[in-house]
Amino acid sequence: MLKHTLLASIFTLTGISLAEAQTCEKNFKVSGIPLVTAVSYKSSQSFPKVKQAEALKRLAQAVAAEGFSGITVDKNLGAIDAHQETSGSGRPQTLRVVARSQGGGTLVNAVFNIQPGQVTTNEVVRSGICTIIRAAAG
């Protein structure tokens with residue numbers, strides 16, 4: 001408990017929230033009911049010394065390396081949209097990655113959506129999303 005209180009105090013003094021200091025894996029969240037509804041997988045991570053433009057370039061390369069298609073990069077929004085079709089159903093899964101300037105660094109958010117009736121494991125998605133998010137750091 002003392003360790004968590006000390007860390008929270010340090011982050012407060014430096015202007016970083018505890019959530020921002022966490023890793024992609026710790027920020028990973030899932031919403032929806034597999035097979036019944038669409039499922040969204042979300043995560044984020046802050047990179048204190050990474051410039052937004054460089055992060056966006058690296059993120060787009062990582063999205064391509066993870067096998068996504070239809071990649072579009074909107075530099076004005078700091079957003080990347082992509083999709084993949086791995087189930088053979090013709091119904092793509094979508095990915096949106098956003099890199100926002102935050103102080104002297106960048107906050108990266110990613111959302112991966114699968115459609116009703118499609119399934120995957122949390123571990124596979126967490127690994128893929130976090131590989132993409134960590135690419136922001138180079």
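Placement of L107 and F47 in two distinct hydrophobic clusters is found when ILVMFWY residues are connected by side-chain heavy-atom separations under 4.5 Å, directly or transitively. Following chains of ILVMFWY side-chain contacts shorter than 4.5 Å, one cannot reach L56 starting from V98, and the two form parts of different hydrophobic clusters. Residue V111 is not grouped with residue V125 when hydrophobic side chains (ILVMFWY) are merged at heavy-atom distances under 4.5 angstrom, including chains of intermediate members. A chain of hydrophobic side-chain contacts below 4.5 Å, direct or via other Ile, Leu, Val, Met, Phe, Trp or Tyr residues, connects V97 to V30.
Between I80 and A60 the shortest heavy-atom distance is CD1-N, 3.4 Å. Nearest heavy-atom pair across S46 and Q102 is OG-OE1, 2.8 Å. Among all heavy-atom pairs drawn from P34 and G32, the shortest one is CD-O, 3.7 Å.
For the salt bridge (charged side-chain N to carboxylate O under 4.0 Å, His left out) condition, no pair includes a residue of residues 26-52, sequence neighbours left out. Contacts classified as side-chain hydrogen bond (donor to acceptor under 3.5 Å, both in side chains) and involving residues 123-132 (residues at least two apart or in different chains) are not found. For residues 56-68, every residue pair satisfying the salt bridge (charged side-chain N to carboxylate O under 4.0 Å, His left out) rule, not counting sequence neighbours, is listed here: E54-R58.
Partners of I33 by side-chain contact (heavy atoms from CB on, under 4.5 Å), not counting sequence neighbours, listed by chain and number: V36, T37. Shown here are the salt bridge (charged side-chain N to carboxylate O under 4.0 Å, His left out) partners of R100, two or more places apart in sequence or in another chain: there are none. For E25, the salt bridge (charged side-chain N to carboxylate O under 4.0 Å, His left out) test picks out R134, with sequence neighbours left out.
Side-chain N or O atoms of N27 include one that pairs as donor or acceptor with a backbone N or O of S44 at under 3.5 Å.
Note that CZ of F112 and CZ of F28 are 10.0 Å apart. Values are rounded to the nearest 0.5 Å. Here E85 contributes atom CD and Q93 contributes atom CD; the two are 6.5 Å apart, rounded to the nearest 0.5 Å. Distance check: S43 OG to I132 CD1 gives 11.5 Å after rounding to the nearest 0.5 Å. Remark: Q45 CD to T106 OG1 distance equals 12.0 Å, nearest 0.5 Å. The line from CG of N109 to CD1 of I133 is 7.5 Å long, rounded to the nearest 0.5 Å. Annotation: the span from S31 atom OG to Y41 atom OH amounts to 9.5 Å, rounded to 0.5 Å.
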Original post:
Given the rule in the side chain to side chain contact (heavy atoms under 4.5 Å, CB included) test, do V63 and L95 qualify, once you have shown the distances and angles that lead to the verdict?
Top reply: CA-CA 9 Å; V63 169; L95 174 69; 3.9 Å; yes

**OP:** Take D81 and I71, measure what side chain to side chain contact (heavy atoms under 4.5 Å, CB included) needs, and give me the verdict at the end.
**Re:** CA-CA 6 Å; D81 289 298; I71 300 169; over 6 Å; no

**OP:** In sequence, state the C-alpha distance, the side-chain angles, and the governing distance for Q84 and S69, and then conclude on side chain to side chain contact (heavy atoms under 4.5 Å, CB included).
**Re:** CA-CA 6 Å; Q84 66 180 186; S69 302; 5.7 Å; no

**OP:** Output, in order, the C-alpha distance, side-chain angles, deciding distance and verdict of side chain to side chain contact (heavy atoms under 4.5 Å, CB included) for L59 and V108.
**Re:** CA-CA 9 Å; L59 290 163; V108 178; 3.9 Å; yes

